[in-house]
There are 2 protein chains.
Amino acid sequence: MLPVVGAPAPERADAARNRVRVLEAAAALHAEGGVAALTTDAVAARAGVGKGTIYRRFTDKGGLAAALLDERGRRLQERMLTGPPPLGPGAPAADRLAAFVVAYVEHTVGSLDLVLLSETATPGGRLAKPVYPFWRRHVEVLLEEAGAPAPRTRAEALLAALAAEQLHGWTVADGRAVDALASELADVARALAR
Amino acid sequence: MLPVVGAPAPERADAARNRVRVLEAAAALHAEGGVAALTTDAVAARAGVGKGTIYRRFTDKGGLAAALLDERGRRLQERMLTGPPPLGPGAPAADRLAAFVVAYVEHTVGSLDLVLLSETATPGGRLAKPVYPFWRRHVEVLLEEAGAPAPRTRAEALLAALAAEQLHGWTVADGRAVDALASELADVARALAR
DNA sequence: GAGCGAAGCGGACTACAGTCCGGTCATGGA
DNA sequence: TCCATGACCGGACTGTAGTCCGCTTCGCTC
C-alpha cells in the first residue's frame, strides 16, 4: 500500500491493543491511588506489558499523563472551536480570550494532579505537550485579532501564567478561591489584549 | 548563651566548613561538565562529604543549584534596591518594572542551565526558591505604585512568564534573540501595569 | 499460505535522587 | 579541663525513571 503523505504513521494491531491496555491500567491506578500510584512499573504490571512498551508509546511519564488527559482536553477544544460564544466564535476577541482563561483555569484545576505531572515530569514538559501548540495558536490569534503587539510572545506569556505549577501554588499552597483567581487572570488577559 | 530571638539558627563550625566545601565542589563540577556533572553523588565525593550532609544543608538538588546562584542573584537585588534608576529607585514605577524585566531576563539567561535546574528539579521548585518572595514583592510593589489592579496576582503572572523553562523555550528551542525578547516582555510588564 | 523486513515487545539493567539511623564531635557549662 | 547534649555526619539502602537489545509478532507481497 502506498503511504499517505502527511498522515500519522498507522499503528500495528498489537500496538493499538497495548496502548488501550496501558491507558486503562493507568486510569485505574490513578483512580485508586492518585498520581502517587502511577509508577511506570505499576502501570506496566497492571497492563500486563513491559516497561519498554510504555516508553515506546508515551515517551515518558509526563506523556502518559498527557494522554490520560486527552479526552477531557478535546472537549474543551471543541467548545473553543465550535461552541457558543463567548468561548466559541462570535464574540469580540478580548471577550473570547477572557472566557478561554476562565475555562482553561477550571479545566486545569479540575485535574490538577495529572496536569502537574504532565507538565513537570520532565523539564520543559509543558511546552512539549502535544496540545500546547493548540492553546498557543488559539490565544495568539485572539490577541492578534484584538490588535495586541507581539501576539506570539504575549500568548506564551499568558499560558506560562496558567501553568499547572503556578495554579497549584495559587489554589493549593495559597488556598485561593478558583473563581476569584480565574477572574483576575481573565483581567490579565484583557490587559495583554490591548 | 541566650538564643537571639528571630535570628537564623547559628551554624556549627563543621557545618559551615562543609557547606563551603560542598559549594566549591559543586561549582567546580559545574564548570567542568555543566549541569550534567552535578549529581549528588559526585558532589558529595568531590567535597569529601556524605550525601546526607548535602541534603541536610540544601534540601534537594534544586536547593543546591539555587545556592550556587545566590551571589549573582544578590548583585541584581542590590542594583534593584540601591542602584541607579530606572532599575533602582527614582524612576516611575512602570519604567522600573520594565527595567527589572530586562535585567531579570538577562540574569536568568546568563545562567540558564543552573536556574533551570533550580526551578525544575522538583515540582513547584520555582515558587519554593528562597529568592522568589523577593522578586514577587518587588514586582508587586511596583505594580501597586503604578495603580494596577490585583498587583499580587499580576506580579506572580509576570514572574511565571519569566520562568527558566519558558525562557529556555524561547531562547534555546525557538532560538529567539534575547534582546528583542526582553523588550517584548518589558512591554508585557507595562501592559500589566496599567 | 509461506517468507521476510520491520515494527513492536519486555524485563533485566543502569543511574540517580533522596532517606535513614547508628556513630561522632563541636559546643557551652561546671 | 572535663562532661553532657544534641546537632551533625556519612554512606549504605530504597524506590523509581528511563534505556537497551535480543526475541517475537505483524502484515505485506508473491
* In chain order, what residues pass the side-chain contact (heavy atoms from CB on, under 4.5 Å) check against A:A91, with sequence neighbours excluded? -> A:P85, A:P86, A:D95, A:R96

* Structure fact -> Sorted by chain and residue number, the salt bridge (charged side-chain N to carboxylate O under 4.0 Å, His left out) partners of A:E165 (sequence neighbours excluded) come out as none

* To do: State whether B:E140 and B:R137 are salt-bridged, where the test is any N-O pair (Lys NZ or Arg NE/NH1/NH2 against Asp/Glu carboxylate O) under 4.0 Å.
  => yes

* Asked: Could you give the CD1-to-P distance, from A:I54 to D:dT16, as a whole number of Å?
  -> 14 Å

* To do: Establish, with yes or no, whether the OP1 or OP2 oxygen of C:dC9 is under 4.0 angstrom from a side-chain nitrogen or oxygen of A:N18.
  => yes

* Quick one: A:F58 CZ to D:dA17 P, roughly how many Å, whole number? -> 15 Å

* Structure fact -> Hits for salt bridge (charged side-chain N to carboxylate O under 4.0 Å, His left out) against B:D179, two or more places apart or cross-chain, chain-then-number order -> none

* Contacts to DNA chain D from residues 121-130 of chain A, heavy-atom cutoff under 4.0 Å, which residues? -> none

* To do: Tell me, please, which residues at least two apart from A:R21 pass salt bridge (charged side-chain N to carboxylate O under 4.0 Å, His left out).
  => none

* When we call it a touch if two heavy atoms are under 4.0 Å apart, what does A:K51 touch: a base, just sugar-phosphate, or nothing? -> base

* Asked: Which residues satisfy the side-chain contact (heavy atoms from CB on, under 4.5 Å) test with A:V105, sequence neighbours excluded?
  -> A:V101, A:V109, A:L162, A:L167, A:V178, A:A182, A:L185

* To do: Measure from CG on B:L64 to P on C:dA17 and round the result to the nearest Å.
  => 10 Å

* Asked: Tell me, which pairs form a ring pair (Phe, Tyr, Trp, His ring centres under 6.0 Å) where one or both residues lie in residues 20-65 of chain A, sequence neighbours left out?
  -> none

Distances for protein N or O near nucleotides 4-7 of chain C N or O, under 3.5 Å:
unit_1 : atom_1 : unit_2 : atom_2 : d
C:dA7  : N3     : A:R12  : NH1    : 2.8

* **B:D14 CG - C:dA26 C1' separation (whole Å)** => 6 Å

* Asked: Within the structure shown, what part of the strands sits under 4.0 Å from B:R19 by heavy-atom distance: base, sugar-phosphate, or nothing?
  -> nothing

* Asked: Can you name the side-chain contact (heavy atoms from CB on, under 4.5 Å) partners of A:E145, sequence neighbours left out?
  -> A:A93, A:V141, A:L142

* Whole-Å distance separating the NZ atom of B:K61 from the P atom of C:dC16 -> 8 Å

* Asked: Among all residues two or more places apart in sequence or in another chain, which pass the salt bridge (charged side-chain N to carboxylate O under 4.0 Å, His left out) test with A:R17?
  -> none

* Mind jotting down which residue pairs meet the side chain to side chain donor-acceptor pair (under 3.5 Å) criterion with at least one end in residues 147-158 of chain B? Sequence neighbours excluded, please. => A:W170-B:E156, A:R176-B:T153, A:E184-B:T153, B:Y132-B:E156, B:R152-B:E156

* **Length of the line joining B:E11:CD and C:dT27:P, which is rounded to integer Å** => 11 Å

* Close approaches to DNA chain D from residues 21-50 of chain B, in residue order (heavy atom, under 4.0 Å) -> B:G48, B:V49, B:G50

